[in-house]
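Just below is one structure, and these are the notes that go with it.
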Amino acid sequence: VIAVQINNQPGAVINANSFGGTLLVATPLVNSGTLRAENFGTLDISGGGSSTGPIDIALGAQLHFSGADFTLRNASSSITGAGTAAIISGGSVTIGDSAADTISATNLQLISGTLTGPGTLVVSNNFTWNGGTVSGSGSVTIPVGTTATFGGSTGTLDERLINNHGTINWSKEYLTAGNDSVITNT
């Protein structure tokens, strides 16, 4: 457990190298450098924070956003790599500071918690939505060749747009939608 605020400056690298375990960051993390999750471990950011630097998740590794809001501020804070980022346990991820911000993520799971914000999120490989809320004035784009899975028993789509150019596998039992939210298939 890390219980001190971390300010990862430009040019600096944090390698969360937990070898199958979990590294819990329980205080705000401000990332302007590079953040990496490696070696089949889990980096759990429960204290919130923000990023303007890249986030890389290695194959088999996971990044969890849990318990507080974490903001991906701009395109430089995109989430890459073959591992998975997940929003869990009441965590919240805000996409962008403005509608002009586009953030990409290779693999993203929304298990519980909230995906929100004014920017556009482009998920390039796999987007799984098993619970929680997708909200905010921005959009989620699922490109051609990308698979999205909308499963679990419930979910809420509030205001945000989902633009699907790929495939949505839908087994979600109940989806509440409001405030002009739209799912568009093209």
Side-chain angles (χ1 to χ4, degrees), residues 28-29 42-52 55 57 62-186:
L29 169 67
T42 299
L43 174 59
D44 187 342
I45 301 173
S46 68
S50 64
S51 182
T52 57
I55 300 171
I57 309 168
Q62 294 186 16
L63 171 63
H64 290 174
F65 298 102
S66 65
D69 184 58
F70 192 87
T71 301
L72 300 170
R73 297 210 175 276
N74 56 33
S76 296
S77 58
S78 292
I79 301 171
T80 61
T84 301
I87 304 168
I88 64 169
S89 301
S92 177
V93 172
T94 299
I95 303 299
D97 285 329
S98 73
D101 294 320
T102 298
I103 315 294
S104 64
T106 306
N107 298 303
L108 181 67
Q109 294 179 342
L110 177 56
I111 298 168
S112 63
T114 303
L115 174 67
T116 191
T120 298
L121 173 66
V122 179
V123 182
S124 62
N125 186 49
N126 191 333
F127 176 50
T128 302
W129 181 12
N130 284 335
T133 300
V134 176
S135 66
S137 58
S139 64
V140 175
T141 299
I142 302 163
V144 171
T146 298
T147 300
T149 302
F150 293 179
S153 60
T154 64
T156 301
L157 180 61
D158 186 15
E159 187 180 7
R160 199 164 195 88
L161 306 176
I162 297 179
N163 299 307
N164 178 44
H165 307 282
T167 301
I168 295 177
N169 295 320
W170 193 296
S171 62
K172 186 171 286 303
E173 293 177 24
Y174 190 76
L175 178 66
T176 302
N179 295 318
D180 297 323
S181 56
V182 176
I183 298 174
T184 303
N185 286 309
T186 57

Where Ile142 and Phe127 come nearest, the two heavy atoms and their spacing: CD1-CD2, 4.5 Å
Determine whether Leu108 and Leu121 satisfy the following criterion, side chain to side chain contact (heavy atoms under 4.5 Å, CB included), listing intermediate values before the conclusion. CA-CA 10 Å; Leu108 181 67; Leu121 173 66; 3.6 Å; yes
Evaluate the side chain to side chain contact (heavy atoms under 4.5 Å, CB included) criterion for residues Val122 and Ile103: first the C-alpha distance (whole Å), next the side-chain angles of each, then the deciding distance (0.1 Å), finally the verdict. CA-CA 6 Å; Val122 179; Ile103 315 294; over 6 Å; no
I'd like to know if the side chain of Asn74 pairs up with that of Thr52 as donor and acceptor (distance under 3.5 Å, no hydrogens or angles considered). no
Are any of the side-chain heavy atoms of Ile183 and Leu175 separated by less than 4.5 Å? yes
Angle class for the Phe150/Trp129 ring planes (parallel below 30°, perpendicular above 60°, tilted otherwise)? perpendicular
Looking at OG1 of Thr186 and CG of Asn163, how far apart are the two atoms once the value is rounded to the nearest 0.5 Å? 7.0 Å
Is it true that Thr116 and Ser135 share a donor-acceptor pair across their side chains at a distance under 3.5 Å? yes
Less than 4.5 Å apart, side chain to side chain, heavy atoms only: is that true for Phe65 and Ser92? no
Could you tell me whether the side chains of Ser104 and Ser78 share a donor-acceptor contact shorter than 3.5 Å? yes
Flag yes if more than 12 heavy atoms outside Asp180 fall under 6.0 Å of its CG atom; otherwise flag no. no
Decide yes or no for Thr141 and Thr146: does some side-chain heavy atom of the first lie under 4.5 Å from some side-chain heavy atom of the second? no
